[in-house]
Amino acid sequence: MTIRVYNTLTRQKEALEPLIPGKIKMYVCGPTVYDSCHIGHARSVVVFDVIYRYLRARGYDVFYVRNFTDVDDKIINRANTLAMSPEAVAKKYIKEFRQDMAVLNMCSPDLEPLATAHISHIIRIVRILEEKGFAYHRDGDVFFSVEKWPEYGKLSGRKLEDMEAGARVEVDQRKENPFDFVLWKASKPGEPAWDSPWGKGRPGWHIECSAMSAKYLGETFDIHGGGKDLIFPHHENEIAQSEAAFGKPFVRYWIHNGFININHEKMSKSLGNFLMINDIVNTWHPEALRLFLFSNHYRSPLDYTEQAMHEAASGLDKIYGPLLRIEEHIGKWPPEFEKYGPDNNGGVLWNRFCEAMDDDFNTARGIGILFEAVRILNRAIDEKGLSGVMRDSLETSRIADLLKTGNVLGIMAETPHRYFEKRKEAVLESGGIDRDWIEEKIRERAEARKTKDFARADAIRDELGQYNIVLEDRPEGTIWKHGDGKT
RNA sequence: GGCGGCAUAGCCAAGUGGUAAGGCAGAGGCCUGCAAAGCCUUUAUUCCCCGGUUCGAAUCCGGGUGCCGCCUCCA
């Protein structure tokens, strides 16, 4: 089976054929560290996280680089507002970003280079561009001349003459063409500055990615990704710079993820509806957020709503449900499948999941298959009992497959007991109650049930319901759970 | 003005030529004192509209309508 990916450059799905068979070199544009991360960042990072995980699961040796843009106008502005140095601002938000990523169960890239640590590489490329005649300088600024690069516009599918130059921004009169972009920027006093052939200055936004990707992945590499908004101008400019400088194709497959809307509205500063990762994971389980993000295709727009998160959270409970039953049955987690069955890599479930993922990382389809598998597993448990299931190699291989898909999606990473326990703790905290009190209520209810005082029993259940507690009467006794998807 | 995307049940969503996955919500059933959880059944004669190609189209082609994104910093 070959993996097919939608390539923004060719506007079609193509078979993924890495430059070096079996190896994939992937570069994803990371954040400009001037503020906290919002759900849009989360989507982008999660999308490439699952691509990374899937490619590895399919046996590729993946080298994954994601940069931090740690020098930029936005950072300088932010530093002025906060009365901090730009370096301190960058450091603060890099730390925050890493925390957010850890909470969201994100794999770390193999490398997370900083723009400011690669100034000499950047300068070297700007000089090459200047020597080759693709760049010109004006008072300490160096610009890339888009007219010298005939293929300019090939990624975003636009022609220079079709674009409304300066429609919304004032054009710098020193530019030869309004779409010329800055490679190197003269620093004003007090701004971060490095010595360069053109005087004290700092890199333009796009050049760092050309420099760092070339250094770590080579002048041609396999996958380059980011949000859709980066197609123009950022990635268009990267292509121009890199291909002009190195004289060879830059990237084989361009992958771009779609945007997130909040309650059917675009996220924007003016609407003030930016949703931060931190706000979401304070309310919902991080894996519920991941599940939500995978609920439709990565290139489509995705609408964040309270209801959608509820559904994702319910779905996650549904997935963890049978896992908890298995954990309780075998008394540990994760199960060791070698003991139960020979075939634990590549059952029907895993193969169907791969089929979905092979088709341009179709996680929505993959999740459909996963839920089907959960239902089949629940049914098997109902019919054969847990010991019956765990003795059946067909069933255990399905469980192994289920955990494998979870590993690709970055969910089911908690032990089931712990997953539900966390949610129960949240119930205790928000209700200001403790376990003993609940257990006492459950005992009282058991007494009432014994004497067939069902009115009393139901009253106790209703009372607990007020604290978002749900009771389940099981053969082995009554247990309590959290009532809704929030944590 | 230029470029691109989308339109599938109450909601979310997969499906790119062979007769509509999956989730949430709803209805009925099994189980239960009643519930909850789980399971079973059920919920689109039909995929925005109109034409066309085809034995056959949600899927391809032409036209229309509606919504959205980008062209400016933005994931």
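Below, chain A is the first sequence line, B the second, and so on; all start at residue 1.
Using P as the reference atom, C6(B) and G15(B) are 11 Å apart when rounded to the nearest Å. Distance check on atom C1': G64(B) versus G26(B) gives 36 Å, rounded to whole Å. Distance noted for atom P between G18(B) and C60(B): 12 Å (whole Å). Using atom P as the reference point in both G10(B) and U43(B), the two lie 14 Å apart (nearest Å). As rounded to the nearest Å, A37(B) and A21(B) have C1' atoms that lie 24 Å from one another. Separation of the P atoms belonging to C48(B) and U8(B) is 6 Å when rounded to the nearest angstrom.
Side chain D473(A) to base C34(B): a donor-acceptor pair is found below 3.5 Å. Checked by distance alone, E372(A) brings no side-chain donor or acceptor within 3.5 Å of a matching partner on the base of G22(B). In terms of polar N and O atoms assigned as donor or acceptor, the side chain of R299(A) never comes within less than 3.5 Å of the base of G69(B) in a complementary pairing. One cannot find a donor-acceptor pair under 3.5 Å joining the base of G69(B) and the side-chain atoms of D229(A). One cannot find a donor-acceptor pair under 3.5 Å joining the base of C40(B) and the side-chain atoms of R379(A). Between the side chain of R43(A) and the base of A75(B) there is no donor-acceptor pair of N/O atoms closer than 3.5 Å.
For the side chain to side chain donor-acceptor pair (under 3.5 Å) criterion with R202(A), the lone passing option out of D73(A), T116(A), D72(A) is D73(A).
The R158(A) side chain lies nearest to G2(B) when the options are G23(B), G2(B), A75(B).
In this structure, I255(A) atom CD1 and A75(B) atom P are separated by 19 Å, rounded to whole Å.
A14(B) makes up no base pair with any nucleotide shown, lacking Watson-Crick or G-U wobble contacts both under 3.5 Å.
Side-chain atoms of K228(A) come within 3.5 Å of backbone atoms of R299(A) as a donor-acceptor pair (strictly under, hydrogens ignored).
In summary, the aromatic rings of F97(A) and F68(A) are positioned with their centroids under 6.0 Å apart.
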